[in-house]
Protein chains: 2
Amino acid sequence: MELKGKRILIVDDEEDLCEILQYNLSSEGYQTEIAHSAEEALKRSPGNFDLVLLDVMMGPISGFKFADKLRKELKIDVPVIFLTAKDTENDILTGFSLGADDYISKPFSVNELTARVKAVLKRSYTDKVNSKAIIQYNGIALDTVRKRLIINDERVELTKKEYEILRTLLENQGIVFSREDLLMRIWGQDVIVTERTVDVNITRLRTKLGQFGSSLKNKTGYGYFFEF
Amino acid sequence: MELKGKRILIVDDEEDLCEILQYNLSSEGYQTEIAHSAEEALKRSPGNFDLVLLDVMMGPISGFKFADKLRKELKIDVPVIFLTAKDTENDILTGFSLGADDYISKPFSVNELTARVKAVLKRSYTDKVNSKAIIQYNGIALDTVRKRLIINDERVELTKKEYEILRTLLENQGIVFSREDLLMRIWGQDVIVTERTVDVNITRLRTKLGQFGSSLKNKTGYGYFFEF
DNA sequence: GGTATTTGTTACTTAATTGTTACAATTTAG
DNA sequence: CTAAATTGTAACAATTAAGTAACAAATACC
């Protein structure tokens, strides 16, 4: 398994800590991005990261609220590791009830951090379809490195948006995503585009999907989903 | 590692050159033996040497034939450096296809000789696997010692950055590297340059790659990758 | 120290992606 | 069955990304 190169979103309002985290994770080969608030984190399309490191004690929206929003409202189930100063059981349980994958209590050592990060990434690798370079579904192969499809031995290049929509739908087959869900997840919090934009991208995807185009289905009034 | 005392077999029909080689290598602390023909060389158990210096232009059995026999028939994979007067790229590539580790073009300086010898001994000591001076991919040969390309029998000099980008992409064909990835990997953690710098270097590389320029591909929104 | 080479920046051009709109087709509700 | 709502989609526009030439800065080399 190749953990290196995985994208990690660091969400913490303490500049210094962020930099320490970033420095250490980078030198381990991970790609990192920093957000100093929940709001900022939402802007960075958290669904596109492999892991989110989240401080629970943070500005107006706490890490807990952010995680809750991520899971329940945005339906993004990216792995999350909480950074918590309060090492109380209650805190920790709250975190896990909100879908955390692990937690680290401050202060923590670099070794501890990288070990947990590695473990969580490994779990999300083995347990989910995630992380493989090419993911196959029925007759469709999605090359997650080159961001393209292989259908009937043919390469079909996908643009960024197309790729992200398709991946989202393929990884969550049968689940209906409203236009808003998709906009939130893929375009991000503050990008303002018409909901119809999704429709157009769906059309384009259907064309590129060829014989499988009709598997990208619409549920009138609700949204889009994938079903072979 | 102790390079001194390593045993080197010199195979060349020119008496004078042999003596010059022997003199210089001895004074560097190597043990040397001389063979004036391929036949003679075979009698000296070439497999028991740490390195063979082999003249390609030589009596009834050419250096190439000797090397071929060594590798294919006798299955001896002692490191070999070719001494070549014919400095054509074709010759050089032939040598490498026969398993050479490096080559030296006549006339050469003593410094060059000892440097190459040392480098090959060191490489073959540290990593048995990737110790060749020239790595070939489809129609592209990358001379990792002299930092240049050989394409269609032509030498193309690469600058450091160009070389490192190309090597990264060639060794990881199909993997898309974002500008940031490349900056991190090649420029390093703390060098601050515009991401567009990568683009410019890519353009320069494409030009130097000639007919293969179009194999250095861009994936809009993601980065660059190599694919024949 | 001066010259050549490499490397980086910028500005501009070209290309690719993404978004909007208008209208057609389909679906739904009554 | 029909009108309203929703979705599909083609054509165009806007935006964003990439290619590249020309110049500037930095570095290496005498």
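Distances shorter than 4.0 Å separate some side-chain N or O of B/Trp187 from OP1 or OP2 on C/dG8. OP1 or OP2 of C/dT7 lies within a sub-4.0 Å distance of a side-chain N or O belonging to B/Thr159. In this structure, B/Tyr224 reaches the D/dG19 phosphate: one of its side-chain N or O atoms is under 4.0 Å from OP1 or OP2. At the phosphate of C/dT26, neither OP1 nor OP2 sits under 4.0 Å from any side-chain N or O atom of A/Thr220.
Between the CD atom of B/Glu195 and the C1' atom of D/dA17 there is a distance of 12 Å, given to the nearest Å. Rounded to an integer number of Å, the gap from CD1 of B/Ile202 to C1' of C/dT14 is 18 Å. Rounded to whole Å, atom P of D/dG19 lies 13 Å from atom CG of B/Asn201. Rounded to an integer number of Å, the gap from B/Ile192 CD1 to D/dA26 P is 13 Å. Rounded to an integer number of Å, the gap from B/Glu157 CD to C/dT5 C1' is 13 Å. Atom CG of A/Asp199 is separated from atom P of C/dT21 by 14 Å (rounded to the nearest Å). In this structure, B/Phe225 places its CZ atom 14 Å from C1' of D/dA18, rounding to the nearest Å. Atom CG in B/Leu205 sits roughly 14 Å away from atom C1' in D/dG19 (whole-Å rounding).
When each of A/Val198, A/Ile175, A/Asn201 is checked for a side-chain contact (heavy atoms from CB on, under 4.5 Å) with A/Tyr224, only A/Val198 meets the rule.
If you check every strand for non-hydrogen atoms under 4.0 Å, B/Tyr163 touches nothing. Within 4.0 Å (heavy atoms only), A/Thr203 reaches at least one base atom of the nucleic acid. Heavy atoms of B/Lys217 sit nowhere under 4.0 angstrom from any nucleic acid atom.
At a threshold of 4.0 Å, the pair B/Arg204-B/Asp199 does not count as salt-bridged, since none of the basic side-chain nitrogens sits closer than that to a carboxylate oxygen. The existence of a salt bridge linking B/Arg155 and B/Asp143 is excluded, since no basic side-chain nitrogen approaches an acidic carboxylate oxygen closer than 4.0 Å.
Side-chain proximity of A/Asn218 to C/dT9, D/dT7, D/dG19: nearest is D/dT7. The side chain of A/Thr194 lies closest to C/dT20, out of D/dT7, C/dT20, D/dG8.
Defined by atom type and a distance below 3.5 Å, a donor-acceptor pair is missing between the side-chain atoms of A/Glu180 and A/Ser178. Side-chain polar atoms of A/Thr32 and A/Gln22 form a donor-acceptor pair below 3.5 angstrom.
Along DNA chain D, the nucleotide nearest A/Gly221 and the nucleotide nearest B/Gly221 are compared for position; the residue whose nucleotide lies closer to the 5' end is A/Gly221. The nearest heavy atom of DNA chain C to A/Arg204 and to B/Lys161 marks one nucleotide each, and the one closer to the 5' end goes with B/Lys161. Each of B/Arg196 and A/Val200 was matched to the nucleotide of DNA chain D holding its nearest heavy atom; the match closer to the 5' end belongs to A/Val200. Judged by closest nucleotide on DNA chain C, B/Val193 is the one of A/Lys208 and B/Val193 placed further toward the 5' end.
Under the 4.5 Å side-chain criterion, counting only non-hydrogen atoms from C-beta, A/Leu158 is in contact with A/Leu166. Side-chain contact between A/Tyr30 and A/Val117 is present, with heavy atoms from C-beta onward closer than 4.5 Å.
For residues 179-216 of chain B, every residue pair satisfying the ring pair (Phe, Tyr, Trp, His ring centres under 6.0 Å) rule, not counting sequence neighbours, is listed here: B/Phe212-B/Phe228.
At its two ends the helix from C/dG1-D/dC30 to C/dG30-D/dC1 runs along axes set 40° apart, each axis drawn from five pairs and the angle rounded to 10°.
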